[in-house]
Amino acid sequence: MTSELDPERDDALADLDPDLLARWEAPAPAEDLTCRIMARLNESPAPIVPLAAPAEAGNRRLWLALGAVGVLAAASLALVLASTWRRAAPPPAAPPAAAVSAPAAVAPAPGPGPRLLVRTVPRDAIVTVDDQPVRGPSPFVVAELSPGSHRVRIEREGYLPVTRTVDGSGGDVELPVELGRRDVVLALHTDPPEAALRLWVDDEPQPLEPGTARHALSRDPGSFYELEASAPGYQSRRIPLPLTGAPDQEVRLTLVPDPDAPPPEFAESMVRGSSSGRRGSPDLKDPFSSRRRTGSADDSADDETAPMSADQRSPDFVDPFKSREDKEPSPPAKTAILRLGTDSGQGPAKVYVDGRYVGTTPVMRVKVVPGSHRIKFTWPDGSAWIKRVIVKDGQSKVVKSE
Amino acid sequence: MSTIPSKSSVSALAVLPTPTAFPRELDGATLVAAQRGEGWARRALVSMYQRRVHALAWRMLGAAGRRHLAEDLVQEAFIRIFGALPRFSPEGSARLSTWILSIAARSVIDELRRRQPRVAPLSAVDELDGGERPDLRSEQVSVGRVIARAVGELSPEIRAAFLLRAYHELDYAEIAEALEVSVGTVKSRLWRARAALKTALEEIR
């Protein structure tokens, strides 16, 4: 087979489409595989911190206090037992050769019930399960879960808290969480440098001090941040703010010249002149004035590429650029927007919309046609999260992996 | 530096993307504890790496990639891994993940050679698409099947080299060390895998 690649120099797999290869996905292993491996290794279960059952609402404080005392006592007991076991246990040794060559039947995992293993970054976070503090050898917090769903909350001063719901019915649960910094210093750069900047927080504009490149932002849990830049002669641009969780971040935003913009002299005369400007806008000086209204989740109106709908046109409108040969219908316009991101504590994920790779998180904004769409997040370890969403014409919808 | 006012009234969930890669390696203290044989640390090691080992084993099975076979191979691999773990040095050239995948790859190659599993006919393959639901597009399923079949027709050694490169992002030197062959041999194996994959993927274009 001939090839245009040089075997001595090039990556042998460079011309294999990675997206195509990614379609051969390995399934997740069975949830009890860890237990089965540990059973094969003749491991005792990890130290367990029992959790009391959720308290009744009426006696919540009393039960919480008793539960905390119980957890402390149980933790102490578990530590004593664990240290005793460690002293009594034989030193780790290589497994017998027979175990390698002759696989035995897998024994069911020992232990009283499913366990929760929480890995946190940073390590010294506070973890609560159903509002009860859980202690353990950080970053590993091992707890015995009662059947049903549990609310796990991870907090640390200076970081945004993360809340997850886990279900112990299916066996052991592993929960990796990386907390993001609450306070971020943003270094914002634009091209052209004179572009005006505006921060949008959940579709509400927040002022940015003009002429300042660095801005301190104290993030709110749950807010969606976007950055908008605009300059005369350029197409305005609004992008999701890719907050990484790092304390300092640099964001660069490059604007594209607007081919429809009037020459600079003409634009200047419009600004100086009356309010009967190009679009009849009374506030043409404001670079954002022609963009959108605020306070709505529906943000399709700011989409500069959105075509004019038929009902906006005059009944006798004739498109001078449409030839007679243009009989076939144009593809449906992408008038809806999906804002895609991973939930906090999760790593970057590859995102596919209707089977098409659209990018890797952090948060991204994808224009789609109205209708039903299948969104899939995949992580490097092979795990995936799939959701089908329906988005209407002009609607903007946030979809985050869970 | 200006300060952006906080907007505390927002009730929606936070969007906190974390482009910094989530820890992909066991931290040093846990590794040492695992090497000492402490149960919690060994469990943490298994939890952290079992998906990658499982993905490698499952794909190594190619078109015969049945879940129970892959999990058997994963267990065998981890028994070997823990047998050799006290000898692993974090100061060495290999990352822990690379070292684990190396042992897993060799373990799976040995098991494949010992068991010589029959390759399932294409029509009988039921888990080639990553356990996806039946509503997956048929195109995705067929691509997975084509790749699986092509990989399944490679020798275990070529399969291992290909998978470590394409799905686990090991470089040539790491693959050479993992499979105990020269870098030239790795290149040769990868070019043979590439040729097979190119031919197979032509079918779906």
Side-chain angles (χ1 to χ4, degrees), chain A residues 1 7 12-13 16 20-21 23-27 29-30 33-34 36-38 40-41 43-44 46-47 92 94-95 99-100 103 117 121 140 160 174 176 178 180 199 201-202 206 209 212 214-218 220-224 242-245 341-342 344 347-348 355 361-363 381-382, chain B residues 1-8 10-23 36-37 39-40 42-44 46-47 50-52 54-55 58-59 67 71-72 74-76 78-80 82-83 86 127 129-131 137 140 143-144 147-148 165-166 187 190-191 194-195 197-198 201:
Chain A
M1 182 175 178
L13 308 183
L16 290 179
L20 216 52
L21 294 178
R23 294 191 193 180
W24 185 33
E25 295 180 57
L33 182 59
T34 305
R36 284 152 56 194
I37 293 170
M38 299 306 287
R40 288 285 301 276
L41 292 165
E43 287 285 351
S44 296
V100 177
L117 190 144
V121 176
F140 307 102
L160 287 177
E174 182 177 2
E178 183 171 356
L199 180 74
V201 185
D202 295 322
Q206 301 286 330
E209 193 174 312
T212 309
R214 290 169 66 80
H215 304 268
L217 170 65
S218 184
D220 286 315
S223 291
F224 190 88
L243 294 168
T244 65
T342 46
S344 60
T361 59
V363 71
D381 65 359
Chain B
M1 183 171 73
S2 72
T3 300
I4 299 164
S6 179
K7 181 175 172 296
S8 56
V10 177
S11 58
L13 281 175
V15 176
L16 294 176
T18 51
T20 51
F22 192 78
R36 282 200 305 263
W40 65 270
R42 298 178 84 165
R43 175 178 285 273
V46 171
S47 297
Q50 70 172 6
R51 269 183 179 270
R52 280 173 267 182
H54 179 268
W58 186 85
R59 289 193 176 105
R67 188 183 293 261
E71 291 178 356
D72 283 353
V74 172
Q75 292 182 50
E76 303 303 326
F78 269 106
I79 287 171
R80 284 197 188 189
F82 278 108
E127 291 182 354
D129 52 6
R137 291 162 45 215
Q140 175 128 351
V143 171
I147 298 172
R165 179 70 187 148
K187 285 184 183 177
L190 288 177
W191 277 89
R194 169 186 173 272
L197 264 294
K198 292 274 283 185
L201 292 174

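Naming convention: chains lettered A, B, ... in sequence-line order (proteins, then strands); numbering from 1 in each chain.
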- prompt: Could you state the interatomic distance from CZ (B:Arg51) to OG1 (A:Thr34), rounded to the nearest 0.5 Å?
  reply: 10.0 Å
- line: Between B:Ile147 and A:Leu20, the two heavy atoms sitting closest are CD1-O, 3.4 Å
- prompt: Can any side-chain N or O of B:Arg59 pair as donor or acceptor with the backbone N or O of A:Trp24 at less than 3.5 Å?
  reply: yes
Side chain B:Gln50, main chain A:Pro29, donor-acceptor under 3.5 Å: no
task: Give, for atom CG of A:Leu33 and atom CZ of B:Phe78, the distance between the pair rounded to the nearest 0.5 Å.
output: 8.0 Å
